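Down below is the structure, laid out as structure tokens.
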Amino acid sequence: MIFNMERETLPREELEALQLNRLQNLCERVYANVPFYRQRFDEAGITPGDIHTLEDIKHLPFTEKQDLRDNYPFGLFAVPKENIVRIHASSGTTGKATVVGYTARDLDSWATLMARSLSAAGITRSDLIHNAYGYGLFTGGLGAHYGAEKLGATVIPMSGGATKRQVHLMHDFGATAITCTPSYALHLYEVGLDEGIDMRNEPLRIGVFGAEPWTDAMREDIEEKMGISAVNVYGLSEVMGPGVSIECAEAKCGMHIFEDHFLPEIIDPVTGEVLKPGETGELVLTTLTKEGVPLIRYRTRDITALDYTPCRCGRTHVRMRRVMGRSDDMLIILGVNVFSSQIESILVETDGLSPHYQIVISRDGTLDSLEVRVEISETLIADGAVRNLQQLESRIQKTIKEYLGVSANVRLVEPRSIQRSEGKAKRVLDLRTQQ
Ligand code: ADP
Ligand code: ZN
């Protein structure tokens with residue numbers, strides 16, 4: 001279902017005209033109100049009046065996560081503090097958390113975009129949404145919450161944790177949709193089985209999962225186990241929160257970026273050069289409507305590609321490919337670049353394994369070594385196939401070497417021995433930094 005038919009299906013020329021108009025207005029606003037941007041524009045020898053086309057954006061300076069940190073906490077706010085009605089902060093996955101502020105209008109836009117997102121995933125006002133994204137400074141919980149209300153669905157403000165209680169409430173209330181990280185969905189599924197609640201037999205029909213990288217293989221696994229349709233949602237606190245982009249239920253092939261609010265580019269993360277549509281690189285987003293902390297060319301560090309081909313759902317907004325990971329958590333093992341999501345694909349597609357894994361990097365003398373710990377499935381134990389574990393280990397090792405070009409030491413571990421997460425999963429353990 002398309003929540004805002006007119007906006008989401010706007011012909012590209014009209015969409016681009018709207019974007020240009022908003023971009024020009026944005027440049028005026030940040031130049032007038034944010035000393036940081038005024039200085040950056042001046043240094044680059046550019047004024048807001050120099051933006052005549054969307055391509056002119058390439059003359060504008062990038063904003064990096066470090067700039068938010070340097071201006072901690074409120075230095076990039078573009079409106080007087082009394083106009084800010086809420087503060088959030090990033091999860092701090094990769095260092096000191098960054099702080100963002102929202103005006104009342106920003107919160108309304110966010111709720112609307114999240115309502116569009118839930119609607120794109122197939123959720124309607126008749127659904128009962130179990131919202132297990134964390135509530136608090138993290139944007140996941142409140143972001144999904146207000147979107148659900150805007151859509152008119154019923155929302156259970158569950159947050160993370162107390163997993164046993166969660167599965168019982170899902171059952172008792174008859175949740176038909178769930179919002180959380182994909183790793184937490186799997187955890188809920190397992191705990192459900194322990195409690196005699198099989199998600200397949202529950203009214204649950206849709207999951208809107210995001211906030212961490214996951215793979216298509218993981219999607220299939222979750223869909224099959226839980227008997228639901230699983231949809232990928234993307235967002236980041238610096239730019240807004242969840243609801244920057246989402247897959248449509250019709251195609252589930254790339255996430256539509258709400259381009260009337262965000263202007264995307266893909267750049268080469270090393271040279272900063274803008275890449276062509278379809279090429280893989282770092283996603284850069286400009287917030288076209290945000291008032292509290294508007295951002296010009298924000299470097300997300302997320303690696304993806306843009307697809308401008310028409311989508312069968314009828315939306316005209318560009319689609320971004322599933323995020324493989326962040327440029328700064330790419331593993332470099334003996335000179336070969338690997339994302340944990342690439343390892344995940346191989347593991348999840350191998351029979352006899354459960355989708356719970358951890359990647360450990362350590363230094364062996366002067367060489368980096370990679371260990372992949374993955375749980376075997378309970379069914380493998382039940383089948384009595386345990387004797388062949390070594391064979392299975394070397395088979396996975398071979399596949400990883402073949403597909404990714406790195407040598408990994410694969411260790412199969414007992415079911416349920418890898419720690420479960422209630423929010424973003426911590427898949428990579430880097431012992432090199434702890435030595
Ligand atoms: P932090 O950067 O501290 O984790 P956020 O909580 O704002 O801060 O998380 C935003 C980040 O989460 C994104 O930049 C991206 O790396 C990751 N992320 C969000 N949604 C997805 C998704 N669907 N797929 C992959 N990664 C995602
Ligand atoms: Zn679509």
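In each ligand, atom 1 is the first atom listed, and ligand 1 is the first ligand listed. Just so we're clear, the structure is a prediction, and the values are computed from it rather than from any experiment.
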Under 4.5 Å between any side-chain heavy atoms of [X] and [Y], yes or no?
| X | Y | result |
| --- | --- | --- |
| V284 | T300 | no |
| E344 | M218 | yes |
| V372 | I396 | no |

### Query
Does a side chain donor of either K252 or S229 reach within less than 3.5 Å of an acceptor in the other side chain?
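On atom types as modelled, these side chains qualify, holding a pair under 3.5 Å.
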### Message
Can you work out which protein residues put a heavy atom within less than 4.0 Å of ligand 1?
### Response
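Shell around ligand 1 (4.0 Å, heavy atoms): K65, S90, S91, G92, T93, F138, G210, A211, E212, P213, N232, V233, Y234, G235, L236, S237, D302, V323, R326, K424.
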### Query
Do Q166 side-chain atoms and A162 backbone N/O form a donor-acceptor pair below 3.5 Å?
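Answer holds: no.
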### Query
Any sub-3.5 Å donor-acceptor pair from H256's side-chain atoms to H317's backbone N or O?
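Yes.
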### Query
How are the rings of Y37 and F41 set to each other: parallel, tilted or perpendicular (split at 30° and 60°)?
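Rings of Y37 and F41: perpendicular, as their planes differ by over 60°.
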### Message
For a side chain to side chain donor-acceptor pair (under 3.5 Å) check, start with the C-alpha distance between K290 and S109, then their side-chain angles and the critical distance, and finish with the verdict.
### Response
CA-CA 8 Å; K290 213 157 70 138; S109 309; over 6 Å; no
### Task
List nothing but the number: protein N/O/S atoms under 2.8 Å from the Zn ion (ligand 2).
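Those protein atoms number 4 in total.
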### Message
Is it the case that the ring center of H145 lies less than 6.0 angstrom away from the ring center of Y135?
### Response
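Yes.
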